**Student:** 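First the structure, then my questions, so here it is.
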There are 2 protein chains.
Amino acid sequence: MSNSMTRVASTAPARAKTRIQQENEARILQAALEVFSEKGFHGATLDRIAGAADMSKPNLLYYFKSKEEIHIALLTDLLDIWLAPLREISPQGSPATEIGSYIRRKLESSREFPRESRLFANEILAGAPHIAGFLQTELKQLVDEKAAILQSWIDDGQLAPCDPRHLLFAIWSTTQHYADFSVQVRHVLGLVPGDVSYYDEAARMLETLFLGRLVAPGTEG
Amino acid sequence: MSNSMTRVASTAPARAKTRIQQENEARILQAALEVFSEKGFHGATLDRIAGAADMSKPNLLYYFKSKEEIHIALLTDLLDIWLAPLREISPQGSPATEIGSYIRRKLESSREFPRESRLFANEILAGAPHIAGFLQTELKQLVDEKAAILQSWIDDGQLAPCDPRHLLFAIWSTTQHYADFSVQVRHVLGLVPGDVSYYDEAARMLETLFLGRLVAPGTEG
DNA sequence: TATCATTTTTACCGTTTGGTCAAATCTCTT
DNA sequence: AAGAGATTTGACCAAACGGTAAAAATGATA
């Protein structure tokens with residue numbers, strides 16, 4: 001949860017951070033994550049964030065120059081969390097093990113970082129104004145790289161013919177759904193607000209879907 | 001795209017709608033859909049919506065009492081669009097045909113109504129403050145009903161054992177992803193903003209995923 | 001064309017919002 | 001303990017916001 005955006009420009013001296021500075025920046029980012037992920041960028045107010053950080057608004061603005069700077073700092077930290085599971089896909093493994101563990105990692109990420117996932121979802125829904133560059137460059141590159149691995153498995157006959165990038169989309173959407181749409185999931189399942197017990201069943205569903213066979217063969221007519 | 005919220009309370013006389021009234025309400029709702037789906041509720045302003053409807057703000061407020069009333073009107077209209085594909089799932093058909101056509105309907109809905117889909121996504125992400133009741137009652141009921149159909153197919157051995165409701169979640173997430181996360185999809189695929197040519201490939205992917213078998217058998221070790 | 005209801009506009013209001021500023025307080029070092 | 005730098009606070013501001021009121025303009029109807 002370290003902040004890479006407030007860290008300096010190469011020309012500035014970049015003083016070492018005080019104990020208080022570290023603590024308060026962390027508190028602010030945590031509070032802002034809570035508020036931004038719940039209310040969206042425009043729905044979040046500096047007063048609210050400051051309140052959640054148990055801090056006055058001017059004091060908050062002493063550490064971050066603007067509301068947008070906090071938002072960008074959060075997004076930047078987020079991208080590593082988002083990419084990490086994808087990076088681990090290896091050409092050495094088999095489709096079943098690699099796809100299976102990728103799904104587990106992504107699902108675990110949804111369970112562990114639901115607020116970060118919602119922050120990301122909000123940003124994409126808003127047209128990705130702050131991370132368009134990231135999507136076009138780093139993410140696209142990594143996707144192309146991993147898609148090539150999947151493609152080699154398709155060429156081997158280990159994986160059904162399909163556009164590997166769309167396979168990744170399917171994994172992203174199904175796993176992130178449990179964080180981004182958790183309210184809907186809980187209402188439909190009849191669970192109380194805090195309950196996240198659906199993750200076990202979700203994992204089973206996704207394993208069947210991606211690694212097994214959903215519809216029994218011979219009944220397609 | 002008719003509006004059911006401004007229509008009357010049972011006690012009020014409910015005058016018939018003027019030609020101008022009908023036209024302007026439609027223009028406002030269309031403009032508001034554009035703005036709300038793009039900016040979210042808090043990011044949208046009455047000035048912007050009025051501008052998009054080519055109308056002054058007070059004039060807009062002559063037709064809708066408040067910003068929230070417009071939002072609720074849009075959401076209410078939306079729910080029918082959202083539910084329609086699910087309603088069509090029939091116990092008469094086979095799993096392959098029913099699930100397949102449900103996916104096609106949902107995907108078509110994403111392509112045809114991307115703004116409505118994003119409006120819905122925004123609402124859920126915000127905690128579903130306006131449609132929590134709908135999710136808990138109408139949607140839950142319909143899901144339970146359709147899940148029972150899927151369950152009967154599981155009992156028949158026509159469908160792999162799984163929680164049918166999570167199967168529905170998987171269908172929702174994968175299909176809606178192409179509307180809600182279209183910006184990300186396009187950036188990753190290297191497409192220009194307006195391009196929706198990915199839907200064909202998406203349909204193929206989802207058919208393979210839900211109706212076929214992704215990972216070749218015998219290689220799971 | 002006169003009349004009345006509907007529609008549109010102009011001017012305005014109170015509140016909220018992101019952000020500033022300078023003074024006051026605190027913390028750390030010497 | 002004193003001084004310097006870091007931190008915190010309270011008072012404040014301009015702009016944007018959702019919304020109102022009343023007059024002006026338009027449309028329908030007879």
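Here the structure is a predicted model, which means the values were calculated and not measured.
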**Student:** Quick one: label B:Ala44 by what it contacts on the DNA or RNA (base, sugar-phosphate, nothing), any heavy atom closer than 4.0 Å.
**Tutor:**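 Sugar-phosphate, no base atom in range.
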**Student:** In plain terms, say whether B:Arg165 and A:Glu201 are close enough for a salt bridge, that is, a side-chain N and a carboxylate O under 4.0 Å apart.
**Tutor:**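 Salt bridge flag = no for A:Glu201 with B:Arg165.
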**Student:** Rounded to whole Å, how long is the line connecting atom OH of B:Tyr62 with atom P of C:dT9?
**Tutor:**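 Taking atom P of C:dT9 as the reference, OH of B:Tyr62 is at 13 Å.
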**Student:** Take the protein atom CD1 of B:Ile28 and the nucleotide atom P of D:dG19, then report the distance between them rounded to whole Å.
**Tutor:**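 The distance from CD1 of B:Ile28 to P of D:dG19 comes to 13 Å, rounded to the nearest Å.
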**Student:** Which sits closer to the 5' end of DNA chain D, B:Lys65 or B:Thr45, going by the nucleotide each is nearest to?
**Tutor:**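 The answer here is B:Thr45.
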**Student:** Which whole-number value in Å describes the distance from A:Phe64 CZ to C:dG19 P?
**Tutor:**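 It works out to 13 Å between those atoms.
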**Student:** Which residues satisfy the salt bridge (Lys or Arg N to Asp or Glu O under 4.0 Å) test with B:Asp144, sequence neighbours excluded?
**Tutor:**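 For B:Asp144, the residues satisfying salt bridge (Lys or Arg N to Asp or Glu O under 4.0 Å) (neighbours in sequence not counted) are B:Lys140.
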**Student:** Could you check how far CD of B:Gln22 sits from P of C:dT6, rounded to whole Å?
**Tutor:**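 Nearest whole value for this atom pair: 15 Å.
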**Student:** Is it true that B:Arg104 and B:Glu108 make a salt bridge, defined as a side-chain N closer than 4.0 Å to a carboxylate O?
**Tutor:**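 No.
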**Student:** In chain order, what residues pass the side chain to side chain contact (heavy atoms under 4.5 Å, CB included) check against B:Leu191, with sequence neighbours excluded?
**Tutor:**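 B:Arg186, B:Leu189, B:Asp195, B:Ser197, B:Tyr198.
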**Student:** To the nearest angstrom, how far is A:Asp47 atom CG from D:dA16 atom P?
**Tutor:**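 For the pair A:Asp47 CG and D:dA16 P, the rounded distance is 19 Å.
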**Student:** Using the test salt bridge (Lys or Arg N to Asp or Glu O under 4.0 Å), find all partners of B:Asp80 that sit at least two apart in sequence or belong to another chain.
**Tutor:**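 Partners of B:Asp80 by the salt bridge (Lys or Arg N to Asp or Glu O under 4.0 Å) criterion come out as none, since no residue qualifies.
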**Student:** Protein within reach of the bases, or only the backbone? For nucleotides 22-30 of chain C, mark each nucleotide 5' to 3' as B, S or -, using heavy atoms under 4.0 Å.
**Tutor:** ------S--
**Student:** Below 4.0 angstrom, which residues in residues 51-58 of chain A have at least one non-hydrogen atom near DNA chain C?
**Tutor:**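 Correct list: A:Lys57, A:Pro58.
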**Student:** I'd like to check the salt bridge (Lys or Arg N to Asp or Glu O under 4.0 Å) partners of A:Glu207; sequence neighbours left out, ordered by chain and number.
**Tutor:**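 Salt bridge (Lys or Arg N to Asp or Glu O under 4.0 Å) check on A:Glu207 returns nothing, list empty.
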**Student:** Expressed in angstrom and rounded to an integer, what is the separation of A:Lys39 atom NZ from C:dT17 atom C1'?
**Tutor:**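 Interatomic distance, NZ of A:Lys39 to C1' of C:dT17: 16 Å.
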**Student:** Quick one: B:Gln21 CD to C:dT8 C1', roughly how many Å, whole number?
**Tutor:**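 Distance check: B:Gln21 CD to C:dT8 C1' gives 14 Å.
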**Student:** Of the candidate nucleotides D:dT20, D:dG18, C:dG19, which contains the atom at the shortest distance from the side chain of B:Leu61?
**Tutor:**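 Nearest to the side-chain atoms of B:Leu61, counting from C-beta on, is D:dT20.
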**Student:** Suppose we screen for side chain to side chain donor-acceptor pair (under 3.5 Å). Which residues come up paired with B:Gln176, at least two apart in sequence or across chains?
**Tutor:**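 Result, side chain to side chain donor-acceptor pair (under 3.5 Å) vs B:Gln176: B:Trp82, B:Lys106.
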**Student:** Under 4.0 angstrom, heavy atoms only, what part of the nucleic acid is B:Leu46 near: base, sugar-phosphate, or nothing?
**Tutor:**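 The answer is sugar-phosphate, as B:Leu46 gets under 4.0 Å only of primed atoms, P, OP1 or OP2.
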**Student:** With sequence neighbours left out, write down each residue that passes side chain to side chain contact (heavy atoms under 4.5 Å, CB included) with A:Pro193, or none if nothing qualifies.
**Tutor:**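 None.
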**Student:** Rounded to the nearest angstrom, tell me the gap between atom CD in A:Glu68 and atom P in C:dT17.
**Tutor:**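 Spelled out: CD on A:Glu68 to P on C:dT17 is 18 Å.
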**Student:** Could you check B:His42 against A:Asn59 and say which one's nearest nucleotide on DNA chain D is further toward the 5' end?
**Tutor:**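 The answer here is A:Asn59.
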**Student:** Could I get the full list of ring pair (Phe, Tyr, Trp, His ring centres under 6.0 Å) partners for B:Phe169, not counting sequence neighbours?
**Tutor:**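 For B:Phe169 the ring pair (Phe, Tyr, Trp, His ring centres under 6.0 Å) partners, ignoring immediate neighbours, are B:His166, B:Trp172.
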**Student:** Think A:Tyr63 has a side-chain N or O under 4.0 angstrom from the OP1 or OP2 of D:dA6?
**Tutor:**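 A:Tyr63 to D:dA6 OP1/OP2: no side-chain N or O under 4.0 Å.
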